[in-house]
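Here's the structure, in structure tokens; my notes come after.
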Amino acid sequence: MNSPNSFRNMPDERGHFGDYGGRYVAETLMPLVLDLEREYRVAQADPAFQAQFDDLLEHYVGRPSPLYFAERLTEALGGAQVWFKRDELNHTGAHKINNCIGQILLAMRMGKTRIIAETGAGQHGVATATVCARFGLPCVIYMGATDVARQAPNVFRMKLLGAEVVPVTSGAATLKDAMNEGLRDWVANVHDTFYIIGTAAGPHPYPELVRDFQSVIGKEARAQMLSRTGRLPDLLVAAIGGGSNALGLFHPFLDDPDVKMLGVEAAGYGLDGDQHAASLLGGFPGVLHGNKTYLLQDEDGQITEGHSISAGLDYPGIGPEHAWLKDMGRVEYTAVTDDEALDAFQLLCRTEGIIPALEPSHAIAAVTKVAKEMPDDTIILANLCGRGDKDIFTVAEKLGVEM
Amino acid sequence: MTNRLSSAFSKPHPALVCFITAGDGDTAANLDALVAGGADVIELGMPFTDPMADGPAIQEANLRSLGKGTTTADVFAIAAAFRQRHPEVPLVLMGYANPMVRRGPEWFADACARAGVDGVICVDIPPEEDDALGPQLRAAGIAPIRLATPTTDAARLPQVLEGSQGFLYYVSVAGITGKQQAAQASIEDAVARLKAATDLPVAVGFGVRTPEQAEAIARVADGVVVGSALVELVGEYGAEAPAKLRDFTASLAAAVRAAR
């Protein structure tokens with residue numbers, strides 16, 4: 001495959017990333033999706049929009065997030081220097097809020113008066129409920145009934161913030177079913193409702209605009225790294241569920257040819273069985289939730305259920321830009337198991353005094369494998385995309401600790 | 001072949017289009033009951049794990065069917081057997097993109113042609129993504145049947161009609177299948193608008209549950225689509241469903257025939 005002149009000018013005008021992406025939605029939603037694209041183009045050209053976004057990120061979210069050299073982890077691993085982009089220090093404790101700020105500003109520009117969203121682990125639900133409270137808009141969060149049961153603290157947070165949390169019992173009652181139910185709500189309420197999608201997936205222009213809002217991560221990190229070390233990192237590492245934190249970090253570096261990138265999928269109990277959530281490494285291209293991308297599916301195109309210890313990675317699809325970057329060979333993808341992530345979680349707690357979420361624990365696990373193979377004058381930059389408070393119950397259970 | 005569809009819409013009365021999900025219950029017996037009751041067009045649902053445009057009744061039918069292990073091969077076997085038993089009754093597959101494109105659009109179009117399928121309604125392939133399946137269907141002589149909705153405005157309608165064949169399916173409510181019903185006046189306005197823009201027959205569906213509604217719609221439209229109400233009978237009556245389906249379809253067929 002020929003390399004393009006730039007990896008940073010996708011998607012094309014039809015919302016395609018090569019073969020992937022697009023607008024595979026019901027006709028009822030098409031006019032709305034087209035409206036959203038038009039409004040986004042106007043907002044992109046409006047300095048006032050960018051100024052409001054930047055202001056909220058600085059004073060409400062707490063950006064820029066620090067760039068941190070993990071000295072004791074580096075020593076423990078022996079090899080490349082490990083640096084973290086500290087997006088777990090954002091308001092609400094994860095990168096999700098960056099995107100929610102951008103989308104709610106768009107929603108208000110479009111005159112929408114009601115917000116809906118889907119959530120798996122609850123981080124995107126909490127971030128959406130947060131911005132809805134901040135701007136005084138009613139908010140309905142769809143969440144699989146299975147996830148409602150296992151993520152009780154986040155359900156309560158959303159309710160405290162004034163959101164209505166609707167448990168979804170259809171299908172397998174997890175994230176993909178919550179997304180189905182979100183789409184069903186949207187199609188019935190197109191006149192007044194804005195759907196804040198939580199990852200860089202869904203119909204065009206969502207993958208593009210979510211990536212753009214999350215790219216603040218990589219823009220800051222690139223400038224911070226240059227200012228601190230006078231050079232760019234050798235390797236970027238980020239965990240991938242739908243892929244928004246990874247794209248947010250990677251995208252501003254895509255045209256820096258010496259910067260390698262590694263996306264880390266959830267291998268669950270292992271890629272050899274079907275109990276994983278690695279859509280790129282263990283799936284096939286198909287169409288779901290408005291876009292063409294790699295999916296966990298059977299030979300008839302029925303969607304299969306992913307598994308990961310991390311509820312935030314437990315989705316049978318992946319953002320379409322990742323599908324394209326994989327095929328182009330610009331980003332390398334790997335996967336780590338539940339157990340490896342759990343070990344990395346504990347390692348970071350003890351070496352750096354940081355309790356990471358289980359999602360970036362996958363990235364950290366990948367870092368532990370590659371760092372020792374790299375010379376000590378090289379730099380790995382990993383995205384610490386969420387804090388682990390929400391996961392302590394899951395981790396305690398896995399470690400056999402009663403709380 | 002689309003000839004069967006044009007014949008169905010050339011009858012002296014508006015066409016009754018009846019939907020059930022393949023692999024839910026004794027599908028062959030249920031399809032025969034729809035024909036016996038007077039269905040003019042059969043719409044056969046391909047089950048999918050994630051039917052995001054469907055309400056609870058058809059969602060449950062999808063899960064019942066998949067729970068029994070229904071495969072794509074089974075769906076085509078049901079279609080081919082139907083074609084053997086009913087050479088003249090048009091058969092349309094309705095479903096979602098992923099099971100249709102899984103083995104490639106050429107494979108799917110060819111399988112439709114071999115099974116005697118006349119048309120395909122794919123919920124999540126809008127005209128913007130027609131390349132994903134439309135050219136292959138048209139090349140194989142299978143009608144890509146598009147949906148128009150209350151949100152399809154005049155500026156967009158020509159794009160929806162471009163490449164549409166068989167009939168135009170007007171989704172009368174902005175919403176999912178089987179839930180709320182549209183006001184009759186809004187349906188009349190919409191059908192008049194659509195018919196002014198196309199020579200294709202216009203069939204109206206979503207939320208049509210009673211002979212009275214079917215009759216009212218049949219006064220203005222070329223066809224009436226009934227789905228969830230039939231699927232609910234399949235779910236409720238199981239092996240006894242064929243008799244119930246035949247009787248209910250007969251009441252709908254009588255209503256449609258009485259309309260004009």
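Lettering of chains follows the sequences in order, A, B, ..., and the numbering in each one begins at 1.
- Neither the backbone nor the side chain of His191(A) has a heavy atom closer than 4.5 Å to any heavy atom of chain B.
- Taking chain B as the reference chain and counting heavy-atom pairs below 4.5 Å, the highest number among Arg14(A), Met179(A), Glu299(A) is found for Glu299(A).
- Atom CG of Asp199(B) sits in a sparse spot, with 12 or fewer heavy atoms from other residues, nucleotides or ligands closer than 6.0 Å.
- Taking chain B as the reference chain and counting heavy-atom pairs below 4.5 Å, the highest number among Lys176(A), Gln302(A), Lys292(A), His16(A) is found for Gln302(A).
- Nearest approach of Arg102(B) to Asp298(A), heavy atoms of both residues: NE-O, 3.0 Å.
- For a residue to count as touching a neighbouring chain, one of its non-hydrogen atoms must lie under 4.5 Å from one of that chain's; by this rule Pro56(B) does not touch chain A.
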### Task
Please test Asn98(B) against Leu288(A) for side-chain contact (heavy atoms from CB on, under 4.5 Å), starting from the C-alpha separation and ending with a verdict.
CA-CA 7 Å; Asn98(B) 202 47; Leu288(A) 182 70; 5.9 Å; no
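- Put simply, the side chain of Asp50(B) reaches to within 4.5 Å of the side chain of Asn180(A), judged on heavy atoms.
- For Asp131(B), the part lying near chain A is the side chain, with the backbone staying farther off; criterion is any non-hydrogen pair under 4.5 Å.
- At a 4.5 Å heavy-atom cutoff, the contact between Ala148(B) and chain A is made by backbone atoms alone.
- Between Arg184(A) and Asp54(B) the shortest heavy-atom distance is NE-O, 3.0 Å.
- Of the atoms belonging to Asp185(A), not a single heavy atom falls under 4.5 Å from chain B.
- Rounding to the nearest 0.5 angstrom, the gap separating the CG atom in Leu29(A) from the OG1 atom in Thr151(B) is 7.5 Å.
- Of the two parts of Leu63(B), only the side chain, counted from C-beta on, holds a non-hydrogen atom closer than 4.5 Å to a non-hydrogen atom of chain A.
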### Message
Assess the residue pair Asp124(B) and Val25(A) against the criterion (side-chain contact (heavy atoms from CB on, under 4.5 Å)); give the C-alpha distance rounded to whole Å, side-chain angles, the decisive distance to 0.1 Å, and a yes or no.
### Response
CA-CA 4 Å; Asp124(B) 50 350; Val25(A) 294; 5.8 Å; no
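- More than 12 heavy-atom neighbours from other residues, nucleotides or ligands sit within 6.0 angstrom of CD on Glu106(B).
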### Query
Leu34(A) and Glu128(B): side-chain contact (heavy atoms from CB on, under 4.5 Å), yes or no, with the steps?
CA-CA 11 Å; Leu34(A) 294 169; Glu128(B) 281 78 358; 3.9 Å; yes
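- Interface summary for chain A: among Thr71(B), Ile125(B), Val101(B), the most heavy-atom pairs under 4.5 angstrom belong to Thr71(B).
- Ion pairing between Arg103(B) and Asp300(A) holds under the 4.0 Å rule for side-chain N and carboxylate O.
- Between the side chain of Arg23(A) and the backbone N or O of Glu129(B), no donor-acceptor pair lies under 3.5 Å.
- Each of Asp177(A), Ile303(A), Leu183(A) has some count of heavy-atom pairs under 4.5 Å with chain B, and the biggest count is that of Ile303(A).
- Note on Pro285(A), Gly290(A), Ala188(A), Gly15(A): by heavy-atom pairs under 4.5 Å with chain B, the leading option is Ala188(A).
- In this structure, a donor-acceptor pair under 3.5 Å is present between the side chains of Glu27(A) and Thr152(B).
- With a 4.5 angstrom heavy-atom cutoff, Leu32(A) does not touch chain B via any of its atoms.
- Heavy atoms closer than 4.5 Å to chain A are found nowhere in Asn62(B), neither backbone nor side chain.
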### Task
Would you please test Val123(B) and Tyr24(A) for side-chain contact (heavy atoms from CB on, under 4.5 Å) and show each step?
CA-CA 9 Å; Val123(B) 174; Tyr24(A) 292 88; over 6 Å; no
